[in-house]
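Everything on this sheet refers to the single structure shown next.
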Amino acid sequence: MVEGTRWMGRRIRRIEDPRLIRGQGTYLDDLALSRTLHVGIVRSPHAHARILSVDGSAARSIPGVVQVFTAEDLDLPDVPATGPKGARIARHPPLARGVVRYVGQPVAAVVAETRAAAEDGATLVSVAYEPRSALTDPLEALEDGRLVHEELGTNVALRRRITAGDVDAVFAQAPVVIRQRLRNQRVAGVPMEPRGIVALWDGGVLTVWASTQVPHDLRDGIAEALGLRASQVRVITPDVGGGFGVKLNLYPEDVLISALAPLLGRPVKWVESRRESLVATAQGRDQVADFEVACDRRGRILGMRARIVADIGAYALTTTLEVPTLTGTMLQGPYRFEHLDAEIVEVYTHKTPAGAYRGAGRPEATYYLERLVDLVARELGLDPAEVRWRNFIPKSAFPYRATTGVRYDSGDYRRALNVLLERADYRGLREEQERLRREGRYMGIGLSTYVEICAFGWEVAKVRVAEDGSIVVFTGTSPHGQGDATGFAQIVAEHLRIPPERVQVVHGDTLAIPHGMGTGGSRTLVVGGSAILRATEKVRRKMLRIAAHLLEARPDDLEIADGAFRVRGVPDRKVTVEEVVQAAYQPRKLPDGTEPGLEETATFTIRSATFPFGAHLCVVEVDPETGEVRVVRYVTVDDCGVVINPLLVEGQIHGGICQALGQALLEEVVYDADGQNRTPTLADYPLPRAVHLPPMETHRTVTPSPTNPLGAKGVGEAATIGGTPAFVNAVLDALRPFGVRHLDMPLRPEKVWRAIRGFMSA
């Protein structure tokens, strides 16, 4: 025991890491079941084509190839998918039936004794196609008479409108109106470990190992697709090398591999290659938005109009249709204005299906708002920090009902910005900027303030204290790299006075934990942690009853200190935590009516969302001769409510900043007019490297959330949401002397250089 220690709020190193650092992790591809068959996927090279024939005879001639399957051979149902009310859902077939609608769509499956044979066989399957024209521009798909899915009669999957106040009257009277088209380019999630699945049919039960963020959802989706009871499907999630939202979906390959296992009577395995990941795994963002902002001459926002068109790709996966609606939900951000008219239109095109990617709709909303605020400041000759400060929802207004209908739980946006400006020495940075410009150097300072919505649903947890004092925690959430097992252990250790290293966290097994909602939307610690807290409190209450019985006192008279239960005011009357745990397993030492053991289960349902917020500042220097952007400094102030482990928070912020830099300056999934993905490898799709990353200074304010007993808000997506516009605003601030008003992401050197050259040649 560690005497007199408070564990919550401490910087404790992640208990998950030593095993992984030593190379002792077990990822999906590490699984090696006896007699496993491997699958290679034949994927469409066309964005849109009719399938005339599929010939697998050459593939079958390869030694080790067992069978080649097409849609006609298997007759599988479409992949289950849902969407908001009124959505037109185009469901994805596991293997294409008659028509392919994006490059990378599965057409056939080659099953073989080895992965090499399966992949070699896939290259020899001959598919005859009749190519058709492709729709790759969502604006064109709205106007063009061609349809991605003729049976739907339209390319519009969902149209949603949000209105509040009297927008027309506000715009008619507004002294200043700012107009701008803004784009969020399509990006790829690129987890360290691509997707993969292993399926085994044994004794009427299908066991599936999968690299997923949502094992219970995957179980239910596979059961629905294959006509099985949920109790006949067990999903196990081994170590997961990153998810970033793209592993929230039920994919065609999940249904396909699960269906092949009972058919073939052997374990079946498929692991995605990096190229497959970049063309077939759900992609993020991809919106084009037209905005109008009405404001007064002091920069106060009066009202806003918006039309956001989201390119959702060819089919609806689990998260495809929900993400753009979140953009609409968060269009007010941290700013107080009462008049809004926003239309969100989701459009099918001949691209890979879109879906959740870190932030899922909220980075898009924040990017729009933060670029618009900077444009307002530029138009009026005001400081961007001052415009933000004037427009913030005041602390006194919380809980606050936004014009979009959501209820913000708590916030102090002005404080976060004030702390940021002080820590970064904003005034000094502006003075340095002016000095450098006189020297012919172009430094830019970018600000971004944000609020996001996260945490949803309910969660279940079980806490079991063994006789030796070790603890096992069972949770329905499914961490995949965030360090949440450490945070969970700290919650338990705090309340039971047992060191975190003696706490084991079990997750990602639908047999061990029958219910759960997985990891997404920064919900793991907020919702899962609250369920663990409640279960721990039940264990603690039982321990108090046992200790009171041993001490012949009342539970209310006891306190826990220095590894022991003590009678208040009588320090010598005590019993150690170890003695209480041991007594719990000895019926003769228990109070009457008390069952032996220390194991409790609890659930927690979050009734309303949490709203983390913060302020980011980025400093860059732009080389006018090359267009190169060098990030000099990055400072953040993030408020995620009560912090369980600052080290975990900083890790999430650092990772989010990296991904924000990627979208702002480097990354874009590029499709040509024929729907060909021109960025199918990491040689074509640039990711941030260590050389791109600046020194990062992270600070926090703490505004507890009233929605959960931990007071936590969530932090998994915060920096990606707040970071992207900070980078872009910094670059465009550096380019002000060249008259550059706006550039769409990514701000690669060539684009920046061309903008500078355009000014110089004008």
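The existence of a salt bridge linking Asp383 and Arg388 is excluded, since no basic side-chain nitrogen approaches an acidic carboxylate oxygen closer than 4.0 Å. Taking 4.0 Å as the cut-off between side-chain N and carboxylate O, Arg160 and Glu346 do not count as a salt-bridged pair. Taking a cutoff of 4.0 Å between a charged side-chain nitrogen and a carboxylate oxygen, Arg183 and Asp311 do not qualify as a salt bridge. The pair Asp168-Arg305 counts as a salt bridge, with a side-chain nitrogen and a carboxylate oxygen less than 4.0 angstrom apart. The residues Asp290 and Arg179 are annotated as not salt-bridged, no charged nitrogen and carboxylate oxygen being separated by less than 4.0 angstrom. Under a 4.0 Å N-O distance rule, the pair Glu140/Arg146 qualifies as a salt bridge.
To the nearest 0.5 Å, atom SG of residue Cys618 and atom CD1 of residue Ile657 are 9.0 Å apart. Note that CG of Asp374 is 13.0 Å distant from CD of Glu379, once rounded to the nearest 0.5 Å. In this structure, CG on Asp217 lies 8.5 Å from CG on Leu248, to the nearest 0.5 angstrom. Interatomic distance, Leu732 CG to Phe738 CZ, rounded to the nearest 0.5 Å: 12.5 Å. Note that the NZ atom of Lys351 and the CZ atom of Arg186 stand 5.0 Å from one another [nearest 0.5 Å]. Annotation: the span from Leu321 atom CG to Ile312 atom CD1 amounts to 5.0 Å, rounded to 0.5 Å.
In terms of modelled atom types and a separation under 3.5 Å, the side chain of Asn249 and the main chain of Thr318 share a donor-acceptor contact. Under the 3.5 Å distance criterion, the side-chain polar atoms of Thr319 are matched with a main-chain donor or acceptor of Ala356. Of the possible polar contacts, one joining the Thr320 side chain to the Ala354 backbone as a donor-acceptor pair under 3.5 Å is found. With hydrogens and angles disregarded, a donor-acceptor distance shorter than 3.5 Å links the side chain of Gln482 to the backbone of His480. Asn391 contributes a side-chain N or O that, together with a main-chain N or O of Gly299, makes up a donor-acceptor pair within less than 3.5 Å. Looking only at distances, no side-chain donor or acceptor of Thr724 sits under 3.5 Å from a matching main-chain atom of Ala664. The main-chain N or O of His48 is never found under 3.5 Å from a side-chain atom of Arg132 such that the two would form a donor-acceptor pair. Not one N or O on the side chain of Asp296 forms a donor-acceptor pair closer than 3.5 Å with the backbone of Leu302. Between the side chain of Glu292 and the backbone N or O of Val177 there is no donor-acceptor pair closer than 3.5 Å. Between the Ser522 side chain and the Gly716 main chain, a donor and an acceptor come within less than 3.5 Å of each other.
Counted by atom type alone, Arg371 and Tyr367 present zero donor-acceptor pairs between their side chains at under 3.5 Å. When only modelled atom types and interatomic distance are considered, Thr404 and Gln332 share no side-chain donor-acceptor pair under 3.5 Å. Between Asp638 and Tyr450, the side chains place a donor N or O and an acceptor N or O closer than 3.5 Å (distance only, hydrogens not considered). Side-chain contact of Thr720 with Tyr357: a donor-acceptor pair under 3.5 Å is absent, judged by distance alone. Side-chain contact, Gln663 with Arg285: a donor N or O sits under 3.5 Å from an acceptor N or O.
Scanning both residues, Ala609 and Thr707, for their nearest heavy atoms gives O-CG2, 3.7 Å. The two residues Leu326 and Ala360 make their nearest non-hydrogen contact at CD1-O, 3.2 Å. Of all the heavy atoms in Val170 and Gly303, the pair that sits closest is CG1-N, 4.0 Å. Taking each heavy atom of Val460 and Ala531 in turn, the nearest pair found is C-CB, 4.2 Å. For the pair Val148 and Asn155, the tightest heavy-atom approach, listed with the atom from each and the gap, is N-OD1, 2.8 Å. Closest non-hydrogen pair, Pro725 versus Thr366, comes out as CG-CG2, 4.1 Å.
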Take Val293 and Ile301 through the test side-chain contact (heavy atoms from CB on, under 4.5 Å) and record every step on the way to the result. CA-CA 7 Å; Val293 177; Ile301 297 172; 4.0 Å; yes

Worked check of side-chain contact (heavy atoms from CB on, under 4.5 Å) between Phe398 and Ile393: CA-CA 8 Å; Phe398 291 91; Ile393 301 164; 4.0 Å; yes

Show your working on side chain to side chain donor-acceptor pair (under 3.5 Å) between Thr477 and Thr524 and close with a plain yes or no. CA-CA 6 Å; Thr477 64; Thr524 303; 5.1 Å; no

Could you go through the side-chain contact (heavy atoms from CB on, under 4.5 Å) check for Arg390 and Leu382 one step at a time? CA-CA 11 Å; Arg390 288 176 182 172; Leu382 300 172; 3.9 Å; yes

CA sep, side-chain torsions, deciding dist, call: Val642, Leu710, side-chain contact (heavy atoms from CB on, under 4.5 Å): CA-CA 7 Å; Val642 175; Leu710 292 170; 5.8 Å; no

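Within 6.0 Å of CD in Glu338 there are 12 or fewer heavy atoms belonging to other residues, nucleotides or ligands. Counting non-hydrogen atoms of neighbouring residues, nucleotides and ligands closer than 6.0 angstrom, the CH2 atom of Trp458 exceeds 12 such neighbours. Atom CZ of Arg430 sits in a crowded spot, with more than 12 heavy atoms from other residues, nucleotides or ligands closer than 6.0 Å. Within a 6.0 Å radius of CD in Glu151, other residues, nucleotides and ligands contribute more than 12 heavy atoms.
Exactly one residue among Asp409, Thr610, Asp639 makes a side chain to side chain donor-acceptor pair (under 3.5 Å) with Lys713. That residue is Asp409. The only member of Tyr413, Tyr400, Tyr408 that meets ring-ring contact (aromatic ring centres under 6.0 Å, His included) when paired with Phe613 is Tyr413.
Side-chain contact between Leu152 and Leu147 is absent, with no heavy-atom pair separated by less than 4.5 Å. A 4.5 Å side-chain heavy-atom check between Leu665 and Pro746 finds every atom pair outside the cut-off. No side-chain heavy atom of Ile178 sits under 4.5 Å from any side-chain heavy atom of Arg378. Contact of the Arg415 side chain with the Lys395 side chain is not registered, since no non-hydrogen atoms from C-beta on lie closer than 4.5 Å. Within the 4.5 Å cutoff, the side chain of Leu743 has no heavy atoms near those of the Val731 side chain. A 4.5 Å side-chain heavy-atom check between Cys640 and Val649 finds at least one atom pair inside the cut-off. At a threshold of 4.5 Å between non-hydrogen side-chain atoms, the residues Thr325 and Ile344 do not count as touching. Side chains of Leu139 and Val288 form a contact here, defined as non-hydrogen atoms less than 4.5 Å apart.
A ring pair (Phe, Tyr, Trp, His ring centres under 6.0 Å) check over residues 283-342, counting only residues at least two apart or in different chains, returns the pairs His92-Tyr315, His149-Tyr315, Phe291-Tyr368, Tyr335-Phe392. Applying the ring pair (Phe, Tyr, Trp, His ring centres under 6.0 Å) test to residues at least two apart or on different chains, none of the pairs has a partner in residues 166-191.
Ring orientation note: the planes of Tyr634 and His616 are nearly perpendicular, at an angle over 60° on the 30°/60° scale.
A cation-pi arrangement is not found for Arg358 relative to Phe244, the charged atom failing to lie both closer than 6.0 Å to the ring centre and inside a 45° cone about the ring normal.
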